[in-house]
Amino acid sequence: MFVLLFGPPGSGKGTQAAALAERLGVPHVATGDIFRKHLREGTELGKLARSYMDRGQLVPDLVTCDLVGSRLGEADAAGGVLFDGFPRSVPQLYWLIGHLGATGRSLASVVNLQVADEVILGRITGRRTCTNCGATYHAVSAPPNADGTCARCGSAVVQRKDDTEAVVQDRLVAYANQTFPCLEQLVDRTPIHNIDGVGGIEQVKGRIFAALGL
Ligand code: ADP
Ligand code: ADP
Ligand code: ZN
């Protein structure tokens with residue numbers, strides 16, 4: 001069961017992924033989270049990724065696909081994965097289709113979260129992220145603990161460096177030019193569930209589960 005959670009930055013992919021992955025019984029694989037882990041650990045890959053992430057640009061396809069290839073080689077990913085933020089370009093999409101196809105596997109479905117740009121801006125500039133476990137909050141609609149710590153693990157919650165208004169504009173351009181075209185490629189291959197991503201978190205979750213028949 002290989003499922004893609006698709007949608008522009010700030011559409012709610014990370015927020016919805018945990019419950020969906022749990023229900024599907026597959027691990028949640030978010031390339032952005034993996035890059036940020038490397039960033040925190042100061043690895044060479046982290047340093048390379050940072051130079052792109054800080055500018056709102058995509059990390060090169062070869063690097064990203066290599067990373068996903070290693071993750072897919074781990075035992076828990078053999079039977080399926082919920083991808084969040086991958087693929088983000090047409091070359092990444094065809095790499096994934098080829099990689100799965102080599103062992104007779106394929107993409108089961110796509111969940112496409114739809115949120116207008118005006119809403120996205122408010123969500124991303126308000127987003128706050130745990131420095132330790134990656135849990136996501138929102139300054140207004142889903143705040144962390146009153147002392148600014150993570151409700152899940154107690155670590156500091158901060159604003160991501162790429163969650164500023166200026167970088168968001170560049171990320172939206174990257175989405176429109178490089179990521180959105182993946183959907184056109186998928187139309188004739190894989191069922192796409194278009195989900196209205198505006199509404200309460202539980203409401204959106206209900207729409208996703210209903211669309212997938214869960
Ligand atoms: P993505 O992973 O697609 O970039 P996130 O899940 O991190 O998006 O959500 C972006 C921001 O929007 C976060 O601050 C999150 O708390 C908030 N958010 C997520 N879903 C909703 C929703 N349905 N309504 C309002 N805010 C939301
Ligand atoms: P968001 O949750 O807002 O959609 P992510 O955490 O998924 O953002 O990604 C943050 C940044 O990490 C991206 O702007 C990009 O620089 C990099 N990144 C994440 N996934 C990919 C990918 N599949 N290909 C290239 N770059 C990626
Ligand atoms: Zn935390």
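Remember, it's 1-based here, ligands and their atoms both numbered in the order they're listed. The model shown is predicted, which means the values in this text are computed figures rather than measured ones.
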Which protein heavy atom lies closest to [atom], and at what distance to 0.1 Å?
| atom | result |
| --- | --- |
| atom 7 (O) of ligand 1 | R127 NH1, 2.6 Å |
| atom 17 (C) of ligand 2 | M53 CG, 3.8 Å |
| atom 13 (C) of ligand 2 | R88 NH2, 4.1 Å |
| atom 24 (N) of ligand 2 | Q92 NE2, 2.9 Å |
| atom 26 (N) of ligand 2 | V59 N, 3.0 Å |
| atom 2 (O) of ligand 1 | G14 N, 2.8 Å |
| atom 18 (N) of ligand 1 | R123 CD, 4.1 Å |
| atom 6 (O) of ligand 1 | T15 OG1, 2.5 Å |
| atom 1 (P) of ligand 2 | R171 NH2, 3.6 Å |

Any nitrogen or oxygen of [X], main chain or side chain, under 3.5 Å from a nitrogen or oxygen of ligand 1?
| X | value |
| --- | --- |
| V204 | no |
| S11 | yes |
| G10 | yes |
| R128 | no |

Practice item. Considering the heavy atoms of Y137, write down every atom of ligand 1 situated less than 4.0 Å from one of them. Key: 13 (C), 14 (O), 16 (O)
Practice item. Any atoms of ligand 1 less than 4.0 Å from a non-hydrogen atom of I201? List them with their elements. Key: 20 (N), 21 (C), 22 (C), 23 (N)
Linking I/L/V/M/F/W/Y whenever their side-chain heavy atoms sit closer than 4.5 Å, directly or via other members, would [X] and [Y] fall into one cluster?
| X | Y | result |
| --- | --- | --- |
| V167 | L39 | no |
| V173 | M53 | no |
| Y175 | V187 | yes |

For ligand 2, which atoms sit closer than 4.0 Å to a heavy atom of [X]?
| X | result |
| --- | --- |
| R36 | 6 (O), 10 (C) |
| T31 | 19 (C), 20 (N), 21 (C), 22 (C), 23 (N) |
| T64 | 22 (C), 23 (N), 24 (N), 25 (C) |
| G85 | 20 (N), 21 (C), 22 (C), 23 (N) |
| K13 | 4 (O) |
| Q57 | 15 (C), 16 (O) |

Exercise for review: Go through the steps for L96 and F86 under the test side-chain contact (heavy atoms from CB on, under 4.5 Å), then give the verdict.
Suggested key: CA-CA 9 Å; L96 179 62; F86 181 88; 4.0 Å; yes
Please say whether [X] places an N or O atom under 3.5 Å from an N or O atom belonging to ligand 2.
| X | value |
| --- | --- |
| P9 | no |
| Y52 | no |
| L58 | no |

Check your understanding: Looking at ligand 1, does G200 have a heavy atom less than 4.0 Å from it?
Key ->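 Per 4.0 Å heavy-atom rule, G200 contacts ligand 1.
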Review point. Closest heavy-atom contact between V168 and I124?
Key: CG2-CG2, 3.3 Å
Practice item. Over all heavy atoms of both residues, which pair between N132 and R40 is shortest? Give the atoms and the distance, please. Key: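 Residues N132 and R40, closest heavy atoms: O-NH2, 3.7 Å.
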Check your understanding: So which of G126, G199, G12 gets nearest to atom 23 (N) of ligand 1, if we judge by its closest heavy atom?
Key ->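 Going through G126, G199, G12 one by one, G199 has the nearest heavy atom to atom 23 (N) of ligand 1.
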Review point. So does R171 pair up with D163, basic N to acidic O under 4.0 Å?
Key: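 So R171 pairs with D163 through a salt bridge.
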Exercise for review: Answer with yes or no whether the side chains of D61 and Q92 bring together a donor and an acceptor at under 3.5 Å.
Suggested key: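 Looking only at side-chain atoms, D61 and Q92 do form a donor-acceptor pair, the distance falling under 3.5 Å.
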Check your understanding: Side-chain donor-acceptor pair under 3.5 Å between D84 and H28, yes or no?
Key ->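 Checked: D84/H28 side chains pair up, N/O donor to acceptor below 3.5 Å.
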Point to revise | Residue-ligand contact R160/ligand 2, heavy atom below 4.0 Å | key: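 Yes, R160 has heavy atoms under 4.0 Å from ligand 2.
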Check your understanding: Just checking, R50 and Y52: is the charged tip under 6.0 Å from the six-membered ring centre and within 45° of the axis?
Key -> no
